[in-house]
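Chain naming here is simple, since letters A, B, ... match the order of the sequence lines and numbering starts at 1 in each.
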Protein chains: 2
Amino acid sequence: METYSIGEITKKTGVSIRTLRYYDEIGLLQPTKDPSSRHRIYTEEDILQLHKIMSLKFIGLSLEEIRQYIHQPTYDLTLKETLMLEKNMLEQKRRQLERSIQAIEYAITLLEEEGEIDSLLLMSLIRSIQTEDDQKRLMTQYLDQETVDAIFHNEELKQKENEMIKSYAQFVKQVHELYGLPTDHPDVQHMIETFLRSTFGLLSLETVEKITELLNQNQWDSFEWNEEWDVLSPLPFSKEEKQWLEQAMDDYMQRLEHMGIDMKESKEGENSGYEK
Amino acid sequence: METYSIGEITKKTGVSIRTLRYYDEIGLLQPTKDPSSRHRIYTEEDILQLHKIMSLKFIGLSLEEIRQYIHQPTYDLTLKETLMLEKNMLEQKRRQLERSIQAIEYAITLLEEEGEIDSLLLMSLIRSIQTEDDQKRLMTQYLDQETVDAIFHNEELKQKENEMIKSYAQFVKQVHELYGLPTDHPDVQHMIETFLRSTFGLLSLETVEKITELLNQNQWDSFEWNEEWDVLSPLPFSKEEKQWLEQAMDDYMQRLEHMGIDMKESKEGENSGYEK
DNA sequence: TCTTGAACCTCCAGTTGCGTTAGGGTGTAT
DNA sequence: ATACACCCTAACGCAACTGGAGGTTCAAGA
């Protein structure tokens, strides 16, 4: 029967010499040894075993788990349990990866657009993607499931993601610049209006109506940034900036009420003025 | 200014105490220490830093890389380079993951269908997915790029993947059962015909024609299983079974030639008989 | 004031799946 | 005899933690 040295196995299978010795060491694949030279001697059978190991490793099993299955000539339904678990693990990993990739894409877009980027802003963006699930969970404390889904799983919105990010970046920049001015200063109020318009302009009319409704029900107070939000996705502002911004928002809201303009109208004006 | 103990930070951020101490140890995040009690004291600033670390970790940077960026207040285009590289890495990982998931799905399907499964068969399937790229590379030695793509990126084929796998599993089973019979025995020839039909039945007519053409040009000899194929994706047969199968295949091909039936006709017959 | 228990501390070891030396043996061709 | 390719064991290193042992510190209750 044909036999092979460890180097030949490496050439045949691509598995490194070190790895083969390691598998021998941990008892996963133990070839016979030449008693005189102490060299490892691999048979065809060993090569098959090695292929089995590689397969099971490929689908994510640990060497320890592989050891449990390696000596069985056939696999039964106990393997299915393991595979189901593994599949779930891998799918979770994949979702994670997709988010990470998305976050990187955002970051790259911003860097290209702006050349330079505030580290807190970048962090804020990444975290908002990272904790999307938690954000949705938190939002359902204020809005119903349907509305939350409308905000997060909006196809149209996905198309315009880059726009949104840029407008957010602009907003952050302006807050840094304008901080210190009185909160009812025209420039400040204009900044807030621009930001709100570009944000709400991307949501459907019904969604905006629902949110407006809630705000009109004086739930605005309970909607203030609570601790939990900050933990998930901290805003790229200092404590003072945050307070200043909150005051400016209040001013804006009051001005809206005073003028009898609700957000629905604001959105309609926005749409007609914006979409060419 | 407000300060926090290590336990409070864990509650606020979800980062474990051990990890926080580790980050301190490697100099990534070093809070001040109470000189008398030696307890760590975290400030708001530290929490921000920690969030930065989590963000950069999320997008796949190593702690070592993070250290390079953590103290910069703004990021410039050098980060973009890093991010581009990271993105490529992550996308590669994602492709890998998708293949693994696919392989597991196949395996689960088979286990459900058959209840029990030959370990060599499972391995053969997983490896064929794992080494898809290499297989394509090897195939282009015999077929042109277009034809190879037609075989691998066939949408219709993806729909029927489960069918294919089952027919492959059946084939493997039958080879084990019938091994020993003369290679020109009707049962053996029927087995081969069934397998070829269910395989080629899923390819387009043009693709089959191209393959037939090649076979008719007497390139069949050079197409025999060479060593390299076996390394990539070993067949779930013993050496003897492989030889037997090769002989049976030759018999089948000769019978075809003798009868003046080429594979194109075979496919057409297959289609009319198979697709309801 | 003493005690209890939670929360904190340092230091050391272990995890996975290998890669990378260091220091030496074996086999064969020249 | 020696050069050279190949093989051996043994030990350390890696990333990013986790866990345990054994010892403080702190706040509250008896």
(message) Rounding to an integer number of Å, can you tell me how far A/Glu25 CD sits from C/dG19 P?
(response) 13 Å
(request) Measure from CD1 on B/Ile26 to P on D/dA15 and round the result to the nearest Å. (result) 10 Å
(message) Test your reading of the model: is there a side-chain donor-acceptor pair from B/Thr3 to the backbone of B/Tyr42, 3.5 Å cut-off?
(response) no
(message) Starting the side chain at C-beta, find the nucleotide from D/dC8, C/dG19, C/dT10 nearest to A/Thr19.
(response) C/dG19
(message) Given C/dT10, C/dG19, D/dC7, identify the nucleotide with an atom nearest to the side chain of B/Arg40.
(response) C/dT10
(message) Can you identify which nucleotide, out of C/dG17, D/dC26, C/dC8, has its nearest atom closest to the B/Ser36 side chain?
(response) D/dC26
(request) Would you kindly give the CZ-to-P distance between B/Arg18 and C/dA13, to the nearest whole Å? (result) 14 Å
(message) Using the side-chain heavy atoms of B/Ser16, tell me which of these nucleotides is nearest: D/dC8, D/dA16, D/dT18.
(response) D/dT18
(message) So if I take every side-chain heavy atom of B/Arg21 and compare against D/dT25, C/dT10, C/dG19, which nucleotide ends up nearest?
(response) C/dT10
(request) Give the nucleotide from the list D/dC8, C/dG17, D/dC17 with an atom nearest to the side chain of B/Lys57. (result) D/dC17
(request) Measure the distance from OH on A/Tyr22 to C1' on C/dC18 and round it to the nearest whole Å. (result) 7 Å
(message) Looking only at the side chains, is there a donor atom on one of A/Glu240 and A/Tyr179 sitting less than 3.5 Å from an acceptor on the other?
(response) no
(message) Let's see if you can work this out: which of C/dG17, D/dC17, C/dC8 has an atom nearest to the side-chain heavy atoms of B/Tyr23?
(response) D/dC17
(request) Kindly point out which of D/dC17, D/dT25, C/dC8 is positioned nearest to the side chain of B/Ile6? (result) C/dC8
